[in-house]
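These notes concern the structure reproduced below.
Residue numbers start at 1 and run along the sequence shown.
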Amino acid sequence: NMLPDKVRKKISEIETDFSENKLECVNILKGFKALKLTESFSEFKYLKRSGYSFQLVLSSMIYAVTLGSKTAVSSLPLLKEKGITMGKDVLYRLKNNGGINWRKILWQIACKFISITKGENEGEHKVRCLIFDDTLLEKTGKKIEKIGKVHDHVTDTFKLGYKLLLGLYWDGKSTIPLDFSFLREKGKRSAKPYGMSRKELRHQYSKKRLKELSGKERVEELDKSKIEMMLEIFYRAVFYRVPIDYVLCDSWFTCQALIRVVRSKNVHLIGMYRIVKAKFLYRGKLMNYKQINSSIKEITRCRKMRLHYKRADVLLDGMPVTLFFSRQGKRGKWKVFLTTDTKLSFVKLIELYQIRWSIEVFFKETKQLLNLGGCQSNDFDAQIADTTVSMIAYILLSFRYRYEHYESMGELFRVMNAECLQQTLDERLWGLFLELLREICEALEKDIDELFELIMNCSKTAELVSRMLVPSLQEIV
């Protein structure tokens with residue numbers, strides 16, 4: 001009863017929109033056909049073993065993932081129930097094959113999704129964003145190829161695993177993964193590189209790879225920097241002609257190199273900022289962001305976002321950018337947002353930046369439901385293969401959910417009366433969730449971004465949020 005009327009009204013609207021929907025094996029192959037991917041897989045005909053095509057083996061792996069299988073062997077009984085009696089060697093040969101260009105396969109599927117759905121957004125002025133973030137894929141086996149200890153910023157500890165850097169695409173209705181890279185951290189201790197003893201490194205699985213193999217390229221990426229790999233993913237998105245309005249990232253990725261690259265392709269950047277040494281030209285003086293914040297005395301209150309903020313239009317190495325300093329309440333800590341779109345208002349900037357939260361939801365969903373990071377193989381090629389399979393499954397489920405829940409009825413409503421078209425379910429859920437968060441943050445004078453991160457780091461609350469923001473997987477799987 002303490003909730004505002006507008007919040008209770010949204011809840012009553014949403015209650016009628018949920019329905020159960022189960023995934024069947026045949027829908028994976030239907031998804032390939034709907035996305036017109038059959039021809040894309042023709043180059044893998046040479047991989048056919050024991051009468052099983054690449055497409056069928058890949059479909060089986062995706063199906064097994066959606067049923068929660070943790071290993072290739074555990075998926076075999078499930079596949080057998082559907083009449084697919086392939087042995088474990090068929091799956092292992094595909095997963096461990098360093099010659100398969102899994103990156104190309106993921107791009108083909110993602111681009112087909114974008115191409116098919118592109119026409120639906122015309123005239124709607126949907127903002128399209130490329131979101132960057134990384135997550136820890138924790139492992140238990142020290143003999144896994146190229147494994148090491150990496151920093152977990154959530155717990156501020158070092159854990160055994162890989163860092164997964166992801167480029168996630170938002171087209172206004174759906175989020176889909178475009179590209180990813182595995183990274184590791186060598187650390188500063190020469191006696192224990194990658195947090196491992198010399199003996200542990202010697203006992204790790206290893207195999208030789210020819211230079212021209214895709215698997216060799218993936219291994220070499222392990223020791224590149226996050227910024228370098230992020231820029232490579234961005235350049236690939238440009239190469240594949242993915243329409244992007246904004247790149248969104250947190251303070252770990254926002255830097256001058258990214259700003260220059262993004263603006264060179266006529267794309268804007270929105271990100272948190274934390275580089276104190278960087279100098280901005282403000283009112284004829286070179287100052288860091290802390291000095292700029294101190295020099296601005298006028299503070300504006302944004303009633304819609306329940307935030308206080310300051311604005312500064314500056315130059316960074318000759319590039320025009322806008323800094324927004326924001327805090328929750330009168331005693332909250334100042335946070336710095338940087339954008340290259342100097343025409344953005346504070347409200348619009350916050351609304352766009354909050355789209356970045358969808359990548360946190362993606363990580364939680366795919367880890368819990370699609371076995372992301374669950375691969376137990378010692379072969380690094382298998383780690384890449386399993387991760388790609390989880391992401392392909394996500395795209396296919398998103399495609400199916402989109403057309404079963406939005407597009408068919410949506411098009412009919414547009415023809416009848418555009419003004420009567422209701423917001424899609426995810427938009428109404430998002431609005432409700434933000435309204436609740438802002439009510440809580442204002443009462444506690446807490447930062448909404450920090451609160452969301454705390455929510456997503458707790459498995460119980462993260463599951464509840466995931467059901468609200470990404471109902472597709474929870475209903476289909």
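Here the straight-line distance linking atom CD1 of I176 with atom CZ of F362 works out to 10.0 Å at 0.5 Å rounding. The CD1 atom of I144 sits 5.5 Å away from the CD atom of Q383 when rounded to the nearest 0.5 Å. Atom-to-atom distance recorded for M391:CE and F180:CZ is 5.5 Å, nearest 0.5 angstrom. The CG atom of D381 lies 8.0 Å from the CD1 atom of I384; values are rounded to the nearest 0.5 Å. Note that the NZ atom of K335 and the OG atom of S326 stand 9.0 Å from one another [nearest 0.5 Å].
Legend: residues meeting ring pair (Phe, Tyr, Trp, His ring centres under 6.0 Å) with Y353, ordered by chain and number and at least two apart, are F337. With sequence neighbours left out, K159 forms a side chain to side chain donor-acceptor pair (under 3.5 Å) with D152. Annotation: salt bridge (charged side-chain N to carboxylate O under 4.0 Å, His left out) contacts of D379 (sequence neighbours excluded): K207, R209. Checked against ring pair (Phe, Tyr, Trp, His ring centres under 6.0 Å), F280 has the following partners two or more places apart in sequence or in another chain: Y273. Partners of K226 according to the side chain to side chain donor-acceptor pair (under 3.5 Å) rule, which considers only residues two or more places apart in sequence or in another chain, are D134. By the salt bridge (charged side-chain N to carboxylate O under 4.0 Å, His left out) test, D179 is found to be paired with R103, R236, residues two or more places apart in sequence or in another chain being considered. Applying the side chain to side chain donor-acceptor pair (under 3.5 Å) criterion to D341, with sequence neighbours excluded, gives Y246. Listed by chain and residue number, W107, Y240 satisfy the side chain to side chain contact (heavy atoms under 4.5 Å, CB included) test with C111 (two or more places apart in sequence, or in another chain). Scored by the side chain to side chain donor-acceptor pair (under 3.5 Å) test, T340 finds H268 as partners (sequence neighbours excluded). Partners of K304 according to the salt bridge (charged side-chain N to carboxylate O under 4.0 Å, His left out) rule, which considers only residues two or more places apart in sequence or in another chain, are E351. For K163, the salt bridge (charged side-chain N to carboxylate O under 4.0 Å, His left out) partners two or more places apart in sequence, or in a different chain, are E185.
For residues 247-259, the side chain to side chain donor-acceptor pair (under 3.5 Å) pairs, not counting sequence neighbours, are Q256-D317.
Side chain to side chain, Q376 and K139 fail the donor-acceptor criterion of an N or O pair below 3.5 Å. Counting only N and O atoms by type, the side chains of S214 and K104 include no donor and acceptor under 3.5 Å apart. In this structure, a donor-acceptor pair under 3.5 Å is absent between the side chains of N288 and K279. Under the 3.5 Å distance criterion, with hydrogens and angles disregarded, a donor-acceptor pair is assigned to the side chains of T322 and D313.
For the pair Q328 (side chain) and R306 (backbone), a donor-acceptor distance under 3.5 Å is present. At distances below 3.5 Å, at least one donor-acceptor pair connects side-chain atoms of Q204 with backbone N or O atoms of I147. Put simply, the side chain of R327 gets close to the backbone of G329: a donor and an acceptor are under 3.5 Å apart. A distance-only check finds a donor-acceptor pair linking the side chain of T339 to the backbone of L269 [under 3.5 Å]. Judged purely by atom type and a 3.5 angstrom limit, Y169 uses its side chain to pair as donor or acceptor with the backbone of P243.
Here the side chains of H151 and D156 are in contact, with some heavy-atom distance below 4.5 Å. Here the side chains of L178 and L130 are in contact, with some heavy-atom distance below 4.5 Å. Here the side chains of L136 and L164 are not in contact, with every heavy-atom distance at 4.5 Å or above. At a threshold of 4.5 Å between non-hydrogen side-chain atoms, the residues V321 and T342 do not count as touching. Under the 4.5 Å side-chain criterion, counting only non-hydrogen atoms from C-beta, C249 is not in contact with I131. When side chains are defined from C-beta on, L222 counts as touching F380, because their heavy atoms get closer than 4.5 Å. No side-chain heavy atom of I359 sits less than 4.5 Å from a side-chain heavy atom of F132. Taking the side chain as every heavy atom from C-beta outward, V267 and V261 never approach each other to under 4.5 Å.
At least one test fails for K126 against the ring of W170: distance under 6.0 Å to the centre or angle within 45° of the axis.
Taking each heavy atom of T175 and S358 in turn, the nearest pair found is CG2-OG, 3.7 Å. Heavy-atom minimum distance, K142 versus L160: CG-CD2, 3.9 Å. Considering every non-hydrogen atom in both G373 and L137, the closest pair reads CA-CD2, 3.9 Å. F234 and V262 get closest at one heavy-atom pair: CZ-CA, 3.9 Å. Here the shortest heavy-atom pairing between L168 and P177 reads CD1-N, 3.6 Å.
With V65 as reference, L370 is the one residue of L370, T366, D386, L369 to meet the side-chain contact (heavy atoms from CB on, under 4.5 Å) rule.
Ring pair F399/F113 is perpendicular by interplanar angle, where above 60° counts as perpendicular and below 30° as parallel.
By the 4.0 Å N-to-carboxylate-O rule, R184 lies close enough to D223 to be salt-bridged with it.
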